[in-house]
Q: 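Sharing a structure below in structure tokens format, with a few things to ask.
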Amino acid sequence: AQSVSQHNHHVILSEAASLELGCNYSYGGTVNLFWYVQYPGQHLQLLLKYFSGDPLVKGIKGFEAEFIKSKFSFNLRKPSVQWSDTAEYFCAVNADSGYSTLTFGKGTMLLVSP
Amino acid sequence: DSGVTQTPKHLITATGQRVTLRCSPRSGDLSVYWYQQSLDQGLQFLIQYYNGEERAKGNILERFSAQQFPDLHSELNLSSLELGDSALYFCASSTRDSVYNEQFFGPGTRLTVL
């Protein structure tokens, strides 16, 4: 069964700092990759996704992620964070096996100080 | 608002009891997923229904069961509750049973077992 590791449980940044959240998965086959975000008091929502093609994908709110197959990684990046990016971020993997279910990492809580 | 509704928002009960959590998917969505979020395990997939049929099973205990009704709403039944079942239970829905269809998450039901 696949698993997802998010290395940082908590990250604290100042506004305008650059962000990179790590995500590694353990599955040797073809994968579909996702980042979800949960803002305080809100539901989980999709930030970006990768199925195939260009390994650099862009999502909403200026976020992007890069799929590096050789490293089994799908790190999330943003060049300059804002206070409104304070949220919990979840990486998720789907093994391309015909099922649509997702395996989530444990999440990274990002706190951006103004 | 994702369009997915869950009731109740909060549930407090005692060990050994049984509870039912309800999920109404977005209008027209045929697929419903249940997830459990706890501090130690993170966000874990429990079970998926598609158009009334069980489609996939994850880390769901035998004390837990679910069903999807003809009107497509779903219920998650948790019985013989233990302290460790205290968690946030999310439901998500998608249009079809495909990883290419985004999963939309509800606000969750917070279950506290005393």
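Chain A is the first sequence line, chain B the second, and so forth, proteins listed ahead of strands; every chain is numbered from 1. What you are looking at is a predicted structure, and each value in this text was computed from that prediction instead of being measured.
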Q: Rest of the hydrophobic cluster containing F90(B) (Ile/Leu/Val/Met/Phe/Trp/Tyr, side-chain heavy atoms under 4.5 Å)?
A: F34(A), Y36(A), L44(A), L46(A), F51(A), F90(A), L102(A), F104(A), Y33(B), Y35(B), L43(B), F45(B), L88(B), V99(B), Y100(B), F105(B)
Q: Side chain from CB out, backbone as N, CA, C, O: work out which of these in Q38(A) comes under 4.5 Å of a heavy atom of chain B, or both, or neither.
A: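 Side chain only.
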Q: Is any side-chain heavy atom of V32(B) less than 4.5 Å from a side-chain heavy atom of C91(B)?
A: yes
Q: Give me the one residue out of V112(A), V81(A), L21(A) that meets side-chain contact (heavy atoms from CB on, under 4.5 Å) with V11(A).
A: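 Passing option: L21(A).
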Q: I need the full list of side-chain hydrogen bond (donor to acceptor under 3.5 Å, both in side chains) pairs touching residues 61-72 of chain B, with sequence neighbours left out, sorted by first then second residue.
A: R63(B)-D85(B), D71(B)-H73(B)
Q: Which answer fits D40(B), side chain, backbone, both or neither, if we ask what part of it has an atom under 4.5 Å from a heavy atom of chain A?
A: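 The answer is the backbone of D40(B).
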Q: If you count heavy-atom pairs under 4.5 Å with chain A, which of Q48(B), R55(B), Q37(B) comes out on top?
A: R55(B)
Q: Measure distances from S98(B) to the heavy atoms of chain A and classify the residue's part below 4.5 Å as side chain, backbone, both or neither.
A: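 Answer is backbone: N, CA, C or O of S98(B) sit under 4.5 Å from chain A.
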